[in-house]
Amino acid sequence: MPEDEIHGIRIHLDRVLAERGMTLTELSSQVGITVVNLSVLKNGRAKAVRFSTLSKICEVLRCQPGDLITFDPAGPA
């Protein structure tokens with residue numbers, strides 16, 4: 001996949017964090033992933049996410065993958 005390829009995946013980590021009253025730093029500590037890598041995911045710049053990482057994030061935030069990731073067929077905003 002070319003780096004500049006357009007896709008319709010949307011990440012809602014910022015919203016879920018706000019709903020939980022949790023910071024990215026707190027999530028990083030509990031999940032065991034660097035703040036930088038979580039920030040890349042949160043800002044929609046990640047090219048991939050491991051299921052083990054997604055599982056741990058969902059466990060800590062007590063949410064489902066669909067709460068964090070959605071598909072917008074209209075493409076990027």
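When a residue number appears, it is its place in the shown sequence, counting from 1. When reading the values below, keep in mind they use all heavy atoms of this one structure, side chains included, and skip hydrogens, waters and symmetry mates.
Note on V16 and I11: same hydrophobic cluster, where clusters join Ile, Leu, Val, Met, Phe, Trp and Tyr whose side-chain heavy atoms are under 4.5 Å apart, directly or indirectly.
Closest approach of C58 to P65, counting heavy atoms only: SG-N, 3.6 Å. Contact record, V60 with M22: CG1-CE, 4.2 Å, taken as the closest heavy-atom pair. Heavy-atom minimum distance, T23 versus L17: O-CD2, 4.0 Å. Residues D67 and C63 come closest through the heavy atom pair OD2-CB, 3.3 Å.
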Worked verdict on R10 versus I69 for side-chain contact (heavy atoms from CB on, under 4.5 Å):
CA-CA 6 Å; R10 299 290 161 256; I69 301 170; over 6 Å; no
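By the 4.5 Å heavy-atom criterion applied to side chains, H12 and T70 are counted as neighbours. In this structure the side chain of N43 never reaches within 4.5 angstrom of the side chain of D14, judged on heavy atoms. Counting heavy atoms from C-beta outward, L61 and L68 have side chains that approach closer than 4.5 Å.
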Donor-acceptor contacts under 3.5 Å from residues 27-37 side chains, at least two apart:
from, atom 1, to, atom 2, distance (Å)
S28, OG, I33, O, 2.4
S28, OG, V35, N, 3.4
T34, OG1, N37, N, 3.0
T34, OG1, N37, ND2, 3.3

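L41 contributes atom CG, which lies 5.5 Å from atom CG of L13 (distance to the nearest 0.5 angstrom). Here the CG atom belonging to L24 is positioned 6.0 Å from the NZ atom belonging to K42, to the nearest 0.5 angstrom.
Within 6.0 Å of the CZ atom in R45, the count of heavy atoms belonging to other residues, nucleotides or ligands exceeds 12. Around atom CZ of F71, more than 12 heavy atoms belonging to other residues, nucleotides or ligands sit under 6.0 Å away.
With hydrogens and angles ignored, the 3.5 Å screen pairs no side-chain donor or acceptor of R62 with any backbone N or O of R20.
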